[in-house]
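Atom set for the values below is all heavy atoms of this structure, side chains included, hydrogens, waters and symmetry mates excluded.
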Amino acid sequence: MSTTTLPLNPLESKARIHAHVAFFAFLVGLPLGVLIARYLRTFTSSWFWPHAIVNFLFTGPLVFAGFTLGYQTTNMGGEFHFSDPHQKVGLALLVMYLAQVFLGAFIHWVKLPFRFPGGRHPQNYLHAILGLAIIALATWQTHYGLWIEWAFITGNIHPVNSRCKHFWLGIVVAMWSLYAIGLGLLPRQLKQEAATRRAKDEGYKDNVPLI
């Protein structure tokens with residue numbers, strides 16, 4: 001994390017662990033869950049549980065651990081909580097993540113009758129938009145943490161190693177590139193979903209008793 005060979009002090013060690021955990025939660029775990037949904041749903045209808053397991057069972061503990069470690073780091077630094085952009089956005093990301101988890105569960109288990117003309121429920125669009133918003137905000141948040149917050153909270157005794165910043169850039173470029181490529185599969189997905197809805201409607205009509 002730092003460019004010197006001197007040992008990190010306890011505050012720096014705590015901040016480094018927070019940075020690693022939060023980074024892998026928001027820029028590895030959550031994007032992996034998004035990419036699973038983006039790609040698998042084009043080829044199979046059994047995409048939900050891999051998506052849910054990665055985004056909840058794998059990423060959830062990392063999200064809570066990262067937030068807790070950040071809170072502890074602020075305590076050790078003697079700063080007020082949620083007093084700067086990084087801390088405020090961290091809290092916002094936690095709230096958005098919880099909202100996203102509950103929304104995903106609601107979409108899966110509660111089926112509302114209203115649909116948009118394309119056949120999708122409005123909450124499906126909200127879920128997708130909120131998920132991308134979380135990752136976009138997390139991209140900004142991790143950048144701010146590496147370039148600004150680390151120096152602010154630790155006094156920059158050990159500046160962030162440039163390789164950490166290069167790694168951040170590589171992950172961000174790869175993540176958003178893979179998602180953009182996956183959007184090319186969207187027409188195929190929409191055709192499959194339309195065919196599935198037609199089949200269900202026809203099956204329902206075939207089973208309606210004649211009076």
Side-chain angles (χ1 to χ4, degrees), residues 22-60 62-63 66 89 92-147 163-203:
F23 176 88
F24 279 98
F26 285 99
L27 287 191
V28 176
L30 288 183
L32 179 60
V34 169
L35 292 174
I36 285 174
R38 176 71 270 138
Y39 283 86
L40 284 189
R41 69 191 307 161
T42 308
F43 302 100
T44 176
S45 59
S46 302
W47 60 269
F48 171 77
W49 285 112
H51 167 73
I53 288 171
V54 169
N55 274 356
F56 180 65
L57 294 182
F58 170 70
T59 304
L62 294 177
V63 169
V89 171
L93 283 170
L94 176 64
V95 173
M96 292 169 70
Y97 171 76
L98 291 173
Q100 180 75 331
V101 169
F102 286 119
L103 181 59
F106 178 84
I107 291 170
H108 183 70
W109 279 291
V110 181
K111 305 300 181 184
L112 299 179
F114 175 76
R115 294 175 182 265
F116 283 133
R120 284 175 166 272
H121 297 291
Q123 62 266 29
N124 292 68
Y125 291 100
L126 177 60
H127 188 62
I129 293 171
L130 181 57
L132 293 176
I134 290 172
I135 295 175
L137 187 59
T139 301
W140 179 91
Q141 172 77 336
T142 49
H143 180 277
Y144 189 97
L146 286 172
W147 270 262
R163 287 175 294 182
C164 295
K165 297 179 178 180
H166 295 158
F167 182 74
W168 174 90
L169 180 61
I171 290 293
V172 168
V173 170
M175 169 188 66
W176 287 108
S177 297
L178 287 172
Y179 185 80
I181 294 170
L183 288 178
L185 299 172
L186 188 58
R188 174 188 173 101
Q189 173 195 331
L190 295 178
K191 289 180 181 179
Q192 290 176 338
E193 291 177 353
T196 300
R197 285 193 298 271
R198 285 195 300 269
K200 288 181 178 179
D201 291 341
E202 291 172 0

Once rounded to the nearest 0.5 Å, what's the spacing between atom [atom1] of [X] and atom [atom2] of [Y]?
X	Y	atom1	atom2	result
Gln189	Leu183	CD	CG	9.5 Å
Leu27	Leu32	CG	CG	12.5 Å
Ile171	Phe23	CD1	CZ	5.0 Å
Leu137	Met96	CG	CE	5.5 Å
Gln141	Ile135	CD	CD1	14.5 Å
Leu132	Gln100	CG	CD	9.0 Å

Exercise. Would you please classify the geometry between the Trp147 ring and the His143 ring as parallel, tilted or perpendicular, with 30° and 60° separating the classes?
Key: parallel
Enumerate, atom names and distances included, each donor-acceptor pair closer than 3.5 Å involving a side-chain atom of residues 106-113, sequence neighbours excluded.
| unit_1 | atom_1 | unit_2 | atom_2 | d |
| --- | --- | --- | --- | --- |
| Lys111 | NZ | Ile107 | O | 3.0 |
| Lys111 | NZ | His108 | O | 3.4 |

Could you pull out the closest heavy-atom pair between [X] and [Y], with the gap in Å?
X	Y	result
Phe58	Leu62	O-CG, 3.7 Å
His51	Ile36	N-CG2, 3.9 Å
Gly104	His127	CA-CE1, 3.6 Å
Asn55	Gly33	OD1-CA, 3.3 Å
Thr139	Thr142	O-OG1, 3.1 Å
Gly182	Tyr39	N-OH, 3.2 Å

Does [Y] offer a backbone N or O that forms a donor-acceptor pair with the side chain of [X] under 3.5 Å?
X	Y	result
Thr59	Val54	yes
Arg38	Tyr179	no
Thr44	Leu40	no

Exercise. Please identify each residue that fulfils side-chain contact (heavy atoms from CB on, under 4.5 Å) with Ala22, with sequence neighbours left out.
Key: His18
Quiz item: Hey, is NZ on Lys165 packed in by over 12 heavy atoms from elsewhere, all under 6.0 Å?
Solution: yes
Exercise. Step through the shown structure and confirm whether more than 12 heavy atoms of other residues, nucleotides or ligands are within 6.0 Å of CZ on Phe56.
Key: no
